[in-house]
Amino acid sequence: MKVGEFAAKASFSAVSMPDPDREINGVYAGDLLSWVMGNAKEDNLWITIMTNSNVIAVASLVDVSAIILAEGVELDEKTALLAKEKGINVLSSEKSVYELCLTAGSLL
Amino acid sequence: MGETLHFHYDVDGGNFTSAGDASVHVKRKLRQLGFPPETIKRVSIAMYEGEINMVIHAGGGTADVFVSPESVKIVLADKGPGIEDISLAMKEGYSTAPENVRSLGFGAGMGLPNMKRYTDSMDIESELGVGTTITMTVNL
Ligand SMILES: Nc1ncnc2c1ncn2[C@@H]1O[C@H](COP(=O)(O)OP(=O)(O)O)[C@@H](O)[C@H]1O
Ligand SMILES: [Mg+2]
């Protein structure tokens, strides 16, 4: 499934969606950046509650298809802009990490 | 591309926001040069972990990347405090990172292990009070 279609089906709001046609091939959830870099795969959805700008660098290096921010956490304006500049899709939701995993599991 | 290309970066010690700029730049260059995605990922993640370590643990440093058709070599050099026990530092989960760094999502103690895992060779030279130089190579 593509990121744009996924966001619409799950009714997640898009903080940044420069590339809605990115294909999703799996899910990784985690907040420790080295674990994400060691274990998340290219084209995964990455579910996290981290919001500092390093998250955008990690998403770009791993080449995830989108970041999903859980628990209603928000990016500040500068970081949201950075995500758009770097071509990183960022979705957000009020749901917990667990609920997001279930949602992704049922839709993908 | 017959010869070796060289990229040099200064890594700013106090700046978590720009940390990673050098790795992202290398990633873009390797993409332009047509390197395979898996190689690019290994190089850029190993370099990013090293870059972050210089920012967290050493007050900054320099990164030099040498790109040839056979390999990518990354040399990270700093004049920080040095690493007292390298085999301990290499252990998964070992970290001396302070709390403020942990709250950013760093300090999991997985940086050096990731660097080793994503590269074909890694050499650490470190002297207490003098600094640390880490050389990593990814073969094509
Ligand atoms: N460039 C460096 N200078 C001094 N100490 C370092 C350097 N890189 C790593 N270290 C030491 O090695 C430890 C383990 O590094 P790493 O595996 O990257 O974990 P982390 O950065 O999460 O603490 C660090 O906590 C630190 O004590
Ligand atoms: Mg580290």
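- When hydrophobic side chains of Ile, Leu, Val, Met, Phe, Trp and Tyr are connected at separations under 4.5 Å, B/Val75 ends up clustered with B/Phe66.
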Between chain A and chain B, going by a 3.5 Å limit, which atoms form donor-acceptor pairs, if any?
from    : atom 1 : to       : atom 2 : distance (Å)
A/Leu33 : N      : B/Gly105 : O      : 2.8
A/Ser34 : O      : B/Asn114 : ND2    : 2.8
A/Ser34 : OG     : B/Glu49  : OE1    : 3.1
A/Ser34 : OG     : B/Glu49  : OE2    : 2.8
A/Met37 : O      : B/Tyr118 : OH     : 2.7
A/Gly38 : O      : B/Arg117 : NH1    : 3.0
A/Gly38 : O      : B/Arg117 : NH2    : 2.6
A/Gly38 : O      : B/Tyr118 : OH     : 3.4
A/Ala40 : O      : B/Lys41  : NZ     : 3.3
A/Asn52 : ND2    : B/Leu104 : O      : 2.9
A/Asn54 : ND2    : B/Phe16  : O      : 2.8
A/Ser60 : O      : B/Lys27  : NZ     : 2.3

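- A continuous path of hydrophobic side-chain contacts links B/Ile86 to B/Leu76 [ILVMFWY only; heavy atoms under 4.5 Å].
- Residues satisfying the side chain to side chain contact (heavy atoms under 4.5 Å, CB included) criterion with A/Ala70, sequence neighbours excluded, are A/Ile47, A/Ile49, A/Val97, A/Leu100.
- Contacts between residues 4-13 of chain A and chain B, counted as heavy-atom pairs separated by less than 4.5 Å, involve no residue at all.
- Ranked by non-hydrogen atom pairs under 4.5 Å with chain A, the options B/Gly20, B/Ala108, B/Ala19 are led by B/Ala108.
- Note on B/Val130: it does not cluster hydrophobically with B/Val11, by side-chain heavy-atom contacts below 4.5 Å among ILVMFWY residues.
- When the side chains of ILVMFWY residues are joined at heavy-atom separations under 4.5 Å, either directly or via intervening members, B/Leu33 and B/Met47 end up in a single hydrophobic cluster.
- Most heavy-atom pairs under 4.5 Å with chain A: of the set B/Gly111, B/Gly109, B/Gly105, B/Pro113, this distinction falls to B/Gly105.
- Contacts between A/Met50 and chain B at a heavy-atom distance below 4.5 Å involve the side chain alone, from C-beta outward.
- Tracing side-chain contacts under 4.5 Å through hydrophobic residues (I, L, V, M, F, W, Y), one never reaches A/Leu81 starting from A/Ile56; they form parts of separate clusters.
- Grouping the Ile, Leu, Val, Met, Phe, Trp and Tyr side chains by contacts below 4.5 angstrom, directly or via other members, places A/Val27 apart from A/Tyr98.
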